[in-house]
Amino acid sequence: METRTTGIVIDPRFEQHLTGAGHPERPARIAALLLALRNLPDGFAAIEPRHASGDEIALVHSPAYVEEVAASAFYDRFAFDPDTQVSAGSFDTARLAAGALLALLDAIMARQIDNGFAFVRPPGHHAERHRAMGFCLFNNVAIGAEYLRRRYGFERILILDWDVHHGNGTQHMFERDAGVLYMSTHEFPFYPGTGAADEVGEGSGEGYTVNVPLPGGCGDGEYYEMFQRVVEPIAHQYKPQFVLISAGFDAHARDPLGGMQLSTQAYGWMTTALLRVAQEHAGGRCAAILEGGYDLETLCSSSLAVLDELRGAGLMGEPHVEPSRTSVLAERLVRLQREYWRL
């Protein structure tokens, strides 16, 4: 198997976003990953994060909202909503999280690395243009997608979101825009209540939002069928020039917040599927950014599975899975998307 150079962004400063005792999106997530990643083999390159500027964040967020988050730095504790609690260091940490992805993208575009993973917090995919929600302050992956378009002139960006929760913020930012194909596999119905199959985009972006809502309890078999029948065929037809992954690990069977049954290995073969798309259409350009994942052990093991595949050292191949129980849902999704894609 071809080996590649994979960039990694991680920094102890991501622990400075304090969410309060008992909050699942906690500094220990980064502390655990720092330990897990300390002895990586050859083939990985450390990429230094930077802070995103106000103008870069305002590529997708309103300037007034950026100022609102900045104002939270004057308080030791502040809550945008019951789930989204911050501390005085959170604004600076959120700027670093967004900028970490931008640094990774620049390194890929400069051909210093082939692909990479930004291990950041706070996560981002629930953040809307005008508001924080669901543990998220700034929508890191959306900022990255728009940055690629503005700085490097890309016309087709794929964002695949495999977090157990639907990325409402990312969908809403691009639902009228054919330049970004947003695809999401997620538990449904579940927080935040969006992501139904018939949410397909609007106006000139109709057909460029592809939601794959799955009932609770689904595992490798159901995800594999959806990747084979919906995700990969559409992604290949879109021919993206860059592949971004909103990589949450809360669909793992051991995660305390999700209701799915994915194995650690599933994150490896989902990565491999997206790398096939990137290699065929995007010169291999692919970057992942951390979203959810709240069981520390499986957060680390699943992240390592993704890194193995990104580097080209994994041994995933085709998974051995039980027959899917979602074939009826797959048929419905195929029928729904046939209007827009040749399924």
Side-chain angles (χ1 to χ4, degrees), residues 141 145 154-164 166-168 170-172 174-190 194-247 251 260 262 266-282 285-286 316-343:
V141 76
F154 287 126
E155 298 178 345
R156 296 183 309 281
I157 307 292
L158 167 64
I159 300 175
L160 189 286
D161 187 337
W162 68 45
D163 192 276
V164 78
H166 179 248
N168 55 288
T170 311
Q171 173 175 305
H172 292 154
F174 297 116
E175 63 189 349
R176 292 182 172 272
D177 192 337
V180 176
L181 172 61
Y182 177 68
M183 306 182 77
S184 176
T185 60
H186 51 271
E187 185 174 348
F188 186 86
F190 201 41
T194 53
D198 58 2
E199 295 173 26
V200 296
E202 301 175 3
S204 60
E206 187 176 10
Y208 294 92
T209 295
V210 179
N211 284 306
V212 182
L214 295 164
C218 287
D220 291 18
E222 290 81 19
Y223 275 73
Y224 184 67
E225 180 170 10
M226 295 304 177
F227 263 71
Q228 289 283 298
R229 300 189 61 185
V230 179
V231 173
E232 278 198 82
I234 291 175
H236 280 291
Q237 288 180 52
Y238 187 64
K239 297 180 174 62
Q241 297 163 305
F242 209 111
V243 175
L244 298 174
I245 306 172
S246 270
M260 297 305 221
L262 279 186
Y267 292 104
W269 56 253
M270 288 193 294
T271 303
T272 299
L274 294 171
L275 282 173
R276 285 195 291 264
V277 175
Q279 288 159 359
E280 183 168 341
H281 307 291
R285 293 182 292 265
C286 179
M316 287 296 109
E318 296 297 320
H320 298 287
V321 296
E322 296 297 322
S324 170
R325 61 186 176 88
T326 56
S327 293
V328 173
L329 176 58
E331 290 292 345
R332 180 188 170 213
L333 287 170
V334 168
R335 288 196 302 271
L336 178 65
Q337 294 298 334
R338 194 171 286 145
E339 181 179 350
Y340 310 106
W341 308 97
R342 297 183 300 276
L343 297 180

All ring pair (Phe, Tyr, Trp, His ring centres under 6.0 Å) counterparts of Phe190, not counting sequence neighbours: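 Per chain and number, Phe190 pairs via ring pair (Phe, Tyr, Trp, His ring centres under 6.0 Å) with His165.
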With sequence neighbours excluded, residues passing ring pair (Phe, Tyr, Trp, His ring centres under 6.0 Å) with His172: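 Residues passing ring pair (Phe, Tyr, Trp, His ring centres under 6.0 Å) with His172: none at all.
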Looking just at side-chain N and O atoms, do [X] and [Y] make a donor-acceptor pair shorter than 3.5 Å?
| X | Y | result |
| --- | --- | --- |
| Glu155 | Gln241 | no |
| Asn211 | His166 | yes |
| Glu225 | Ser327 | yes |

Taking all non-hydrogen atoms of both residues into account, name the closest pair between [X] and [Y] and its distance.
| X | Y | result |
| --- | --- | --- |
| Ala251 | Val164 | N-CB, 3.7 Å |
| Phe227 | Ala273 | CD2-CB, 3.9 Å |
| Ala197 | Pro213 | N-CG, 3.7 Å |
| Asp161 | Tyr182 | OD2-OH, 2.9 Å |
| Pro240 | Ala282 | O-CB, 3.4 Å |
| Tyr238 | Ala178 | OH-O, 2.8 Å |

Less than 6.0 angstrom separating the ring centers of Trp162 and Tyr223, yes or no?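 Ring centroids of Trp162 and Tyr223 are no less than 6.0 Å from each other.
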Establish, yes or no, whether a centroid distance under 6.0 Å links the rings of Tyr208 and Trp341.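 Yes: the rings meet the under 6.0 Å criterion.
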To the nearest 0.5 Å, what is the distance between [atom1] ([X]) and [atom2] ([Y])?
| X | Y | atom1 | atom2 | answer |
| --- | --- | --- | --- | --- |
| Gln279 | Thr272 | CD | OG1 | 9.0 Å |
| Met260 | Thr185 | CE | OG1 | 8.0 Å |
| Leu160 | Ile234 | CG | CD1 | 11.0 Å |
| Thr209 | Glu199 | OG1 | CD | 8.5 Å |
| Glu187 | Asp163 | CD | CG | 11.0 Å |
| Arg332 | Gln337 | CZ | CD | 10.5 Å |

Report yes or no: does Glu222 contribute a side-chain atom to a donor-acceptor pair with the main-chain N or O of Leu214 at less than 3.5 Å?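 Absent.
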Side-chain (Arg229) to main-chain (Ala330) donor-acceptor, under 3.5 angstrom: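 It does not hold such a pair.
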Flag the pair [X] / [Y] as yes when at least one side-chain heavy-atom distance between them is below 4.5 Å, and no otherwise.
| X | Y | result |
| --- | --- | --- |
| Pro215 | Leu329 | yes |
| Ser246 | Val141 | yes |
| Leu244 | Leu158 | no |
| Leu275 | Cys286 | yes |
| Leu181 | Ile159 | no |
| Asp177 | Ser204 | no |

Working note: Asp220 + Trp269, criterion side chain to side chain contact (heavy atoms under 4.5 Å, CB included); need CA distance, chi angles, decisive distance, verdict. CA-CA 10 Å; Asp220 291 18; Trp269 56 253; 4.3 Å; yes
Decide side chain to side chain contact (heavy atoms under 4.5 Å, CB included) for Val231 and Met270; before the verdict, give the C-alpha distance in whole Å, the side-chain angles of both, and the deciding distance to 0.1 Å. CA-CA 10 Å; Val231 173; Met270 288 193 294; over 6 Å; no
Look at atom CZ of Arg338 and say whether more than 12 heavy atoms of other residues, nucleotides or ligands are closer to it than 6.0 Å.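 Yes - once you tally the heavy atoms of other residues, nucleotides and ligands closer than 6.0 Å, there are more than 12.
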Decide yes or no on salt bridge (charged side-chain N to carboxylate O under 4.0 Å, His left out) for Arg176 and Glu206, but give the supporting numbers first. CA-CA 7 Å; Arg176 292 182 172 272; Glu206 187 176 10; over 6 Å; no
Partner of His281 under side chain to side chain donor-acceptor pair (under 3.5 Å), chosen from His236, Lys239, Arg276: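 Answer after filtering His236, Lys239, Arg276: His236.
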